[in-house]
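Owing to the predicted nature of the structure, the values given are computational and were not obtained by experimental measurement. Here is the naming used below: chain letters follow the sequence lines, and residue numbers restart at 1 for every chain.
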Amino acid sequence: MKSEEIMDICMRRGFLFPSAEIYGGVAGLWDYGPLGTRMKNSWEHLWRKHFLSLSSNFHEISTTNILPKEVFEASGHLESFNDALAECSSCHSRFKADQLIEENLKISSEGMNLEEINKIIGDNDLKCPQCGGDLSVKFYNLMFGLKLGAGKTTKEAYLRPETAQGAFLAFKRSFKTLRNKLPLGLAMIGKAFRNEISPRQGFYRLRELHQAELQIFFDPANINEHEDFESVENKKLRMYSIEDRGKEIRKVKCGDLDLPKFYLYYMVKIQDFYLETLGLPRKMFRFRELDEKERAFYNKLHWDFELNLESLGGFKEMGGIHYRTDHDLSGHQKVSKENLMVNINGKKFIPHVLELSFGVDRNFWALLDLEYEKEERTILKLPKNVAPYYCAVFPLMKKEELAKKAKEVYNLLLNEFSVMYDDTGSIGKRYRRQDEIGTPFCITIDYDTLEDDTVTLRERDSMEQERAKIEKLGELLNKKD
RNA sequence: GCGGCUGUAGUGUAGUGGUUAGCACAUGGGCCUGCCACGCUCAUGACCCGAGUUCGAAUCCCGGCAGCCGCACCA
């Protein structure tokens, strides 16, 4: 599906809207409409169900969007998310100022402020390597800065650029509350904020985004084991390593891969989420290994999982599985001076972290991209448990006696399912409308219903109809799941 | 952030200085014993924002905003 076609349906049907649209909108900021919110909630629900059930010691938490400056000193975001860029005033090429200074003057610009860097460039007469034009340096900060409080007592803070930090900060207390057991998983679904210089590709790069992340804290001595590894050993993973670039995706038996078992286990579970829970086409999914340049310095192992999306021109990152080592906890221990070591059977150490990180908004978009089918009908072939509505109820015609009965059926089903009621236009039009928003089932009340309490149950993908007793509807709909 | 292209009802479009701003689909009401969007009928609804040129601007100029493409950016 093309990007414009998806966006068209999103705006027309109420999946997505540009934020602050009546003021012209803002690049990188989008709202979820009524259908989009339902669908996002469903996706998040499936995610929770799938990943939190992987261990009895995995738990969801919810931490704040605003965090004090110190957190990002410890995490490295203040240093790494702040790039001093030198821009040429005539050809507008851009260069990293620290590299420029390092290469030309053999000195480090680390810790210098903007004036100091500009002064060095001016004093040493550094010019644009492209065209020889004048350079001016600006800081581009990918984090949104805030001031908490008023007057002289303000505290510097930032909107979190990833949800992960909340889990690291909450680790110490969570670990104690949950009675000192490893592995411990802290999951979070929430917002993160990045001041992208230029958000592009519609809904793919956002300034305010949703992440679903699971931070698994474990003993690094146990990285090559997982109690349930046998159950996944023979599963085939769809791998695209650095050596595979330019070649085909390889299907490799999990047990044959040269990666730690603890890491592999979660790769399988991620692949299962996409291919089994969501039922996406296998060939659209792959794990892609990142090379040294692409991965953050603290990630010892980093594979992204990607989906092949027509609207975005190929395989696109949906999330990553990151072995962050003890980078975060050690950083926070150092800056906060809190002891973040654990003591398990007399062994004291800082746990390592395996992070499963998902971009919720991208995953949402990917479902639309992969599941829209536009032939003689436009059908959104969503898995039943992610569709905004599970079923729709129609009176065959807008007649009072039919409407009354239809409302009864609607109210009955509402107890158990997300249901839409529609009585406008022709019956065919209503079926097609539901197809377009992915509603798996439609139920139609006609004059026979008034006689014998049976209704027409129509299925989205096959368009097949069957006659069913109203009292059996709930059971029937559940069975079809 | 730079350069190029673009911006008319919800969507797709017609209109290139003076139009009641046209059309299609969609949407809402009414009718239809009627089961797969293209039955009938009525109705709602738009010139991205701001300044300028002009007697007069959707149309021309400038700026902004947004979108698309390329470059840059995306620890």
Pair partner, [N] [Watson-Crick or wobble, under 3.5 Å]:
N      : value
U20(B) : none
A75(B) : none
G39(B) : C31(B)
A57(B) : none
C68(B) : G4(B)

What integer distance in Å separates [X]:[atom1] from [N]:[atom2]?
X         : N      : atom1 : atom2 : answer
Glu355(A) : A75(B) : CD    : C1'   : 13 Å
Arg13(A)  : A26(B) : CZ    : P     : 10 Å
Arg432(A) : U11(B) : CZ    : P     : 23 Å

Categorize [X] for me: base, sugar-phosphate, or nothing, with a 4.0 angstrom heavy-atom threshold over every strand shown.
X         : value
Tyr298(A) : base
Arg460(A) : nothing
Ser3(A)   : nothing
Arg12(A)  : sugar-phosphate
Asp446(A) : base
Leu396(A) : base
Glu162(A) : base
Arg430(A) : nothing

Taking the [atom1] atom of each, how far is [N] from [M], in whole Å?
N      : M      : atom1 : value
U41(B) : C60(B) : P     : 39 Å
A37(B) : C74(B) : C1'   : 42 Å
C62(B) : G29(B) : P     : 47 Å
A21(B) : G15(B) : C1'   : 7 Å

May I ask you to check whether [X] and [Y] place their ring centers less than 6.0 Å from one another?
X         : Y         : value
His327(A) : Phe168(A) : no
Phe15(A)  : Phe17(A)  : no
Phe358(A) : Phe305(A) : yes
Tyr263(A) : Tyr323(A) : no
Phe285(A) : Phe315(A) : no

Give a yes or no on whether a donor-acceptor pair under 3.5 Å exists between the nucleobase atoms of [N], that is its base, and the side chain of [X].
X         : N      : answer
Gln434(A) : A37(B) : no
Thr444(A) : C35(B) : no
Tyr23(A)  : C65(B) : no
Gln465(A) : C35(B) : yes

So, is [X] close to the [N] phosphate, meaning a side-chain N or O under 4.0 Å from OP1 or OP2?
X         : N      : value
Lys429(A) : C25(B) : no
Thr424(A) : G28(B) : yes
Arg467(A) : C35(B) : no

Mutual orientation of the aromatic rings belonging to Phe203(A) and Trp365(A) [parallel < 30°, tilted 30-60°, perpendicular > 60°]: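 The arrangement is tilted - the two ring planes meet at 30° to 60°.
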Enclosure of Lys381(A) NZ (heavy-atom neighbours >12, cutoff 6.0 Å):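 Yes, because the 6.0 Å sphere around NZ of Lys381(A) holds more than 12 heavy atoms from other groups.
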